[in-house]
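Worth knowing before you read on, the calculation uses all heavy atoms, side chains too, and leaves out hydrogens, waters and symmetry mates. First the proteins, then the strands, lettered A, B, ... as listed; each starts at 1.
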2 protein chains.
Amino acid sequence: MEKYYSKIKNSPLFCGITDEELTRMLKCFGGYIKKYEDGDMIIRQGETISKIYLILDGEVNVEKETYWGRRIIIQKLYANNNIGLALVASKNIEANINALCVGHALVLVLNYDKCSTMCKNACNHHSVLISNLFKILSKENIELIEKIENISQKTIRDKLLTYLSNESQKHRTNVFEIQFNRQELADYLNIDRSAMSFELSKLKSEGLINYKKNKFVLKISL
Amino acid sequence: MEKYYSKIKNSPLFCGITDEELTRMLKCFGGYIKKYEDGDMIIRQGETISKIYLILDGEVNVEKETYWGRRIIIQKLYANNNIGLALVASKNIEANINALCVGHALVLVLNYDKCSTMCKNACNHHSVLISNLFKILSKENIELIEKIENISQKTIRDKLLTYLSNESQKHRTNVFEIQFNRQELADYLNIDRSAMSFELSKLKSEGLINYKKNKFVLKISL
DNA sequence: TTCCTTTTGTTGTAATTACAACAGAAATGT
DNA sequence: ACATTTCTGTTGTAATTACAACAAAAGGAA
């Protein structure tokens, strides 16, 4: 555990918390590190979640399966992100998503339930933590709305241009690498992969964008 | 202001806070009540938000306009809901949505910036408040994912059935009233209103649903 | 290298949707 | 009650998409 201290300390979750506090908190939370392999379900739809998951390393897809069997990718998470954080706030809520490990991943697991009852007033670092939780959820909230913007566009072309434009703004440059492969991007934008590939080609031939694998250049601005 | 105390006190935002604390907090926050009329913009895309808005009465649409001029309805808010809460957490973030008043609305406005700097440690009720903020954002987060599920369906029919099914579950009965009129529902599900009306008729004629105006009966379960 | 697997691109066709234009119903104001 | 406006439903057509089937490219393992 000790070798991950610096990684943990620099996460948004523990931002503003000293080393000694961190040690106490990890104990208080019953924190442990768990390894996941490709395809492992970290959170499964229907479960009740009382743990905070902090990704230390690796990649996690937050997904949903429709009633008709299609996959929806909600978001992709990496180191420093939390998985299903919104689910721990209310005890009686069932997870509405699946969280799947992509490749190998290393996750710090904290028993939020335990801490929130044990040391609500005792530990003063608890207020720092909950303030961090608020900030993290705010950011996620804004990202979910961005995703809604992306998938709310009418045509495949508009979805792609909006998505690429948003990515470009996030990277603060018109040359950037996207996090999804083609199938994942299609499942994120809720469109057919082959139709999306076709539209990407068209956008390239029209000179609006350029790309090679996951490296994209956006030559226009919305 | 005093006549709204009970309303304010019973909101999730001030849950667990005593009357005397509330009085002090409203002062500390520089709280005031603002009236909005139909079509008024409460939050405008691009603004920086440092105030907490609590709806005391009325109806507010959270919307976005696409680059191509179409309206996207993100969510509909009512009394006890907060508007753009995720935007106050980080000072340097611009609002990514518009919040529009539908009809008349009464909103309590709190200067979060002022409070968070002035009484971070001084007031102990601050920790209760921020814990409430976390819970509120969690709920909103889960609702945004539900919206993503609704609009991620492939066909108009699937969107309608998923939406109605989710509404039915929320109301815990298969007979319920929806919050949107037809045009709003279409803008929420990102589909054409007339095509949606046509599909609703078809679902009714097939016996899967029944409806009259905004009262719906879902006769199947997904 | 070669073989095999995975990922990405291309094309034709059937299904679905947006859009426009209009008709009917319901709500609103006078 | 009446006129007027807003909301909802219906229909035909052009545009867009999903899907299947396949081709090409990239990546890995022997």
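Picking from C:dT10, D:dT17, D:dC19 the nucleotide with the shortest atom distance to the side chain of A:T155 gives D:dT17. Nearest nucleotide to the B:K154 side chain, out of D:dC19, C:dA18, D:dT8: D:dC19. Set against C:dC19, C:dT11, C:dT17, the side chain of A:F198 has C:dT11 as its closest nucleotide. With distances taken from any side-chain atom of A:R182 to the nucleotides C:dG9, D:dT11, D:dG9, the minimum falls on C:dG9. The side chain of A:Y211 lies closest to C:dG9 when the candidates are D:dG9, C:dG9, C:dA18.
Atom NZ of B:K204 is separated from atom C1' of D:dT8 by 11 Å (rounded to the nearest Å). In this structure, A:Q153 atom CD and D:dT16 atom P are separated by 15 Å, rounded to whole Å. Per the geometry, NZ belonging to B:K212 stands 11 Å off C1' belonging to C:dA26, to the nearest Å. The nearest whole Å value for the distance from the CD atom in A:E199 to the C1' atom in D:dA15 is 12 Å. Rounded to whole Å, the distance from NZ on B:K215 to P on D:dT8 is 16 Å. Regarding A:I156, its CD1 atom lies at a distance of 11 Å from the P atom of D:dC19, rounded to whole Å. When the C1' atom of C:dT16 is taken as reference, atom CG of B:L160 falls 14 Å away, rounded to whole Å. Counting to the nearest Å, the C1' atom of D:dC19 and the CH2 atom of A:W68 are 18 Å from each other.
Between A:F29 and A:Y112, the angle of the ring planes stays under 30°, which puts this pair in the parallel group of the 30/60° scheme. Taking the six-membered ring for Trp and thresholds of 30 and 60 degrees, B:F216 and B:Y211 have nearly parallel ring planes, at less than 30 degrees apart.
Stacking of A:K76 on the aromatic ring of A:F180 is not recorded, the 6.0 Å distance cut-off and the 45° axial limit not both being met.
Within the 4.0 Å cut-off from OP1 or OP2 of C:dA25, not a single side-chain nitrogen or oxygen of B:K213 is found. An OP1 or OP2 oxygen of D:dT10 is reached within less than 4.0 angstrom by no side-chain nitrogen or oxygen of B:S197.
Checked options B:K64, B:R71, B:R182; the residue passing with B:D187 is B:R71 (criterion: salt bridge (charged side-chain N to carboxylate O under 4.0 Å, His left out)). The side-chain hydrogen bond (donor to acceptor under 3.5 Å, both in side chains) test with A:H104 singles out one residue from A:E37, A:K35, A:E59, and that residue is A:E37.
Residue-level contact check: B:N181 touches the backbone only, with heavy atoms under 4.0 Å from sugar-phosphate atoms and none from bases. Within the nucleic acid shown, B:I191 comes within 4.0 Å of sugar-phosphate atoms alone, with no base atom in reach, counting heavy atoms only.
Residue whose closest nucleotide on DNA chain D sits further toward the 5' end, between B:K202 and A:R193: B:K202.
A donor-acceptor contact under 3.5 Å is formed by the side chain of A:S194 with the base of D:dA20.
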